[in-house]
Every structure is written in structure tokens, then in C-alpha cells.
Amino acid sequence: MGPTELKSMGIGVVLGLGAAASAAVGRKVATAAKVGRGHPLKHRALDLASGLIQRKYPLEAMSTYLNGLHMYADEMGRQVEASHFCIHLRHDLHQCVIFDRNAPDARLIGIEYIISEERFLSLPEEEKRLWHSHHYEVKSGILAAPGVPELAEHAYFMDLVTTYGKTFHTWQYDRDDFPYGIPQLMMGLTSDGQADQELIRRRDSRLGLSTAHQRASRADIPTPEVAPGANPWEGGRTFQTRLEEMDFRR
């Protein structure tokens, strides 16, 4: 390749990067305009400026978008859709922020930590009661990675099927349009007949997914043995958070 071709390639790369940067800025402006509707002009200007200027390193590090269902730890009938945005922080730990959907004006509803089976087995027995397994969520096709090619998704869920999650929701958006109350412990489904099929149907329709197809495509993923201590509600007793008044210590 001669100097002329190299120069042309360099110009092309620069123009391409410039176009990508311009597109990113355009998306930020459009998102700020959509979310900022009804806000005072000063607030809209400040939000736009900070969106363009400030780096948000934890947000930029989020590499995975997962969509699934959670149920309240003390009530199977209360199931909600959860869009996870996750960082693979360490080899045995993911951390996720959870929104009600994947949209600029989505509501932040909770957090989830995902750990390996090895790490789960090392936890104190009392701690294990806060965690749920992911074996059924993966095998059933309910847990999805929207937009990811099937081959890559399959490889990802081969690893995720043996993991465990600890989830708290800070916004009971199935009941209130405001984040009232204290964080609620959530759990995952563990067998057929538990999932709200209408909730899954609406999710699949909106995101262009097929839970049935995902289930079939993961049939070859081995189902792991669930470690004792997880999914405590299956034994008929469960755990949930509560607000308790106590003396203030100085």
C-alpha cells in the first residue's frame, strides 16, 4: 500500500471517528430533550451540559443488557419485568443496575449482584438465604440478552446457568408510580408453571423475542444441581426486608 492509499485510509478513519462522535453527541442531545420534557429550562440546560462534558466511567463499563422476570421474595404472584445492565467486575462477580425497561426515561428499580457457584458455596449459611439460582431462568428462555446473536448468547448463558443472584428492588413499580418504602428482596423462578405467561407474552412482543425458541436453543445446556441454601422460599418459608426503629448510637 502506497503513501497515497495510506493517507486516504487515515482520512477515512478520522472522518469515520468524527461521524461516530457526532452521532453520539446527537443521541445525547435527543435523549436529554426527551427526558427533560416539562423540566425548567435551567435544569434542561444543566442536564444537557453535564451529559456532554462529564465522563461516567461505571456506566461506560456496562457491557451486558439482560431482560428477565423477578418475583417478590414473599409473593410469587407479584412478578415484574427487569432490564439489567451489568458490569463483569471480577471473574466471579457481576454487578447490575435494574430498570423497568430499556428506554431513556426508564425507572431505576433495583440492583443485582451475580456470583459464581464457587463463590456462593463459600458464603455463610445466613447469607445464602438472600440468593436465588439462575438455572431455570436460563434453561426456560425467560432470561434473554436482546439483540445479541444466538451463538454468542448461547455461550454467555452456558456460564450464567450455574450462577446465583442477590436482588433488591427499590421501586415497587407494579404498585406505585413513585419509589415508596424500603428495598424489597426479590427471587427468581425455578420451575414450569410459575411464570406469568401474559407478562412474558407482552415482553416478547415488545422486544421481538421468542421465549419458546430460546428455551429450545438452550436444551443442550446442562442443568446444574442447585446448591443448598438458595431459593429459600421453596421450603415454604421466606425472607423479606422490614423497617425497624432503633436507638441512635453516637
Side-chain angles (χ1 to χ4, degrees), residues 58 62 64-100 107-140 142-145 156-157 159-176 179-196 199 223-246:
M62 289 179 184
T64 307
Y65 160 40
L66 301 172
N67 183 282
L69 302 186
H70 289 156
M71 70 175 187
Y72 288 82
D74 57 339
E75 190 174 349
M76 182 180 289
R78 291 185 67 193
Q79 298 175 23
V80 294
E81 184 179 339
S83 292
H84 308 57
F85 299 87
C86 306
I87 300 168
H88 198 172
L89 194 65
R90 298 200 296 263
H91 76 280
D92 59 353
L93 172 65
H94 293 73
Q95 57 184 23
C96 310
V97 291
I98 305 172
F99 292 83
D100 65 327
R107 294 172 288 191
L108 174 63
I109 63 170
I111 59 170
E112 178 166 3
Y113 298 103
I114 299 174
I115 59 174
S116 65
E117 181 180 40
E118 181 181 15
R119 173 55 65 92
F120 177 80
L121 292 172
S122 73
L123 296 177
E125 292 305 311
E126 185 174 343
E127 172 68 20
K128 288 179 181 177
R129 298 182 295 183
L130 303 176
W131 297 76
H132 60 271
S133 65
H134 288 137
H135 73 289
Y136 180 75
E137 292 182 71
V138 169
K139 291 287 292 180
S140 66
I142 291 174
L143 190 61
Y156 182 78
F157 284 123
D159 290 335
L160 203 66
V161 74
T162 60
T163 62
Y164 293 80
K166 179 167 71 171
T167 305
F168 287 95
H169 280 199
T170 54
W171 190 331
Q172 299 183 56
Y173 80 97
D174 60 319
R175 287 188 175 175
D176 302 308
Y180 290 112
I182 60 174
Q184 296 290 288
L185 180 65
M186 309 298 286
M187 288 285 159
L189 305 173
T190 58
S191 64
D192 290 343
Q194 297 173 350
D196 182 335
L199 190 59
T223 302
E225 189 99 13
V226 178
N231 312 316
W233 58 271
E234 290 187 311
R237 298 287 293 171
T238 190
F239 301 89
Q240 191 51 272
T241 55
R242 67 177 183 178
L243 196 62
E244 182 179 350
E245 187 175 356
M246 59 183 63

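Values in this document were obtained by computation on a predicted structure and should not be read as measured data.
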Spacing of Thr167 atom OG1 and Leu185 atom CG [to the nearest 0.5 Å]: 8.0 Å

Which pair of heavy atoms, one from Val161 and one from Pro224, lies closest together, and at what distance? O-CG, 3.4 Å

Using every non-hydrogen atom in the two residues, find where Leu160 and His134 come nearest and quote the distance to one decimal. O-CB, 3.7 Å

Does OH belonging to Tyr173 count more than 12 external heavy atoms closer than 6.0 Å? yes

Locate the shortest heavy-atom distance separating Leu69 from Glu81; write the atom from each residue and the value. CD2-CA, 4.0 Å

Ring-plane angle category for His88 and His94, please: parallel below 30°, perpendicular beyond 60°, tilted otherwise. parallel

Taking the side chain as C-beta and beyond, is there a heavy-atom pair between Leu66 and Phe157 under 4.5 Å? yes

Partner of Lys166 under side-chain contact (heavy atoms from CB on, under 4.5 Å), picked from Glu127, Met187, His132, Met186, is Glu127

Of the non-hydrogen atoms in Ala227 and Tyr164, which two are nearest, and what is the gap between them? N-OH, 2.9 Å

Derivation of the side chain to side chain contact (heavy atoms under 4.5 Å, CB included) call for Ile115 and Leu123: CA-CA 11 Å; Ile115 59 174; Leu123 296 177; 3.8 Å; yes

For Lys128 and Leu121, which heavy atoms make the closest approach, and how far apart are they? NZ-O, 3.6 Å

When rounded to the nearest 0.5 angstrom, what distance separates OG in Ser133 from CG in Leu189? 10.0 Å

Can you name the closest pair of heavy atoms from Trp131 and Phe120 and give their distance? CB-CE1, 3.6 Å

Within the distance-only criterion (no hydrogens, no angle test), does the side chain of Thr162 pair as donor or acceptor with the backbone N or O of Glu117 below 3.5 angstrom? no

Is there a side chain to side chain contact (heavy atoms under 4.5 Å, CB included) between Gln184 and Glu75? Walk through the geometry before answering. CA-CA 11 Å; Gln184 296 290 288; Glu75 190 174 349; over 6 Å; no

Verify, without hydrogens or angle tests, whether Asn231 (side chain) and Glu234 (backbone) share a donor-acceptor contact under 3.5 angstrom. no

How about Asp192 and Tyr136: do any of their side-chain heavy atoms sit closer than 4.5 Å? yes

Is the side chain of Asp100 donor-acceptor paired with the backbone N or O of Arg107 at a distance under 3.5 Å, no angle test? yes

Would you call the rings of Phe99 and Phe85 parallel, tilted or perpendicular, taking 30° and 60° as the class edges? perpendicular

Atom pair NE2/OG1 of His135 and Thr163 - distance to nearest 0.5 Å: 11.5 Å

Rounded to the nearest 0.5 Å, the CE atom of Met71 sits from the OG1 atom of Thr190 at a distance of 6.5 Å

Separation between CD1 (Ile109) and OG (Ser83), nearest 0.5 Å, reads 7.5 Å

Before giving the answer on side chain to side chain contact (heavy atoms under 4.5 Å, CB included), spell out for Thr170 and Phe168 the whole-Å C-alpha distance, their side-chain angles and the decisive distance to 0.1 Å. CA-CA 6 Å; Thr170 54; Phe168 287 95; 5.6 Å; no

Would you please test Val80 and Arg78 for side chain to side chain contact (heavy atoms under 4.5 Å, CB included) and show each step? CA-CA 7 Å; Val80 294; Arg78 291 185 67 193; over 6 Å; no

Drop me the distance from Ile98's CD1 to Cys86's SG, to the nearest 0.5 angstrom. 7.5 Å

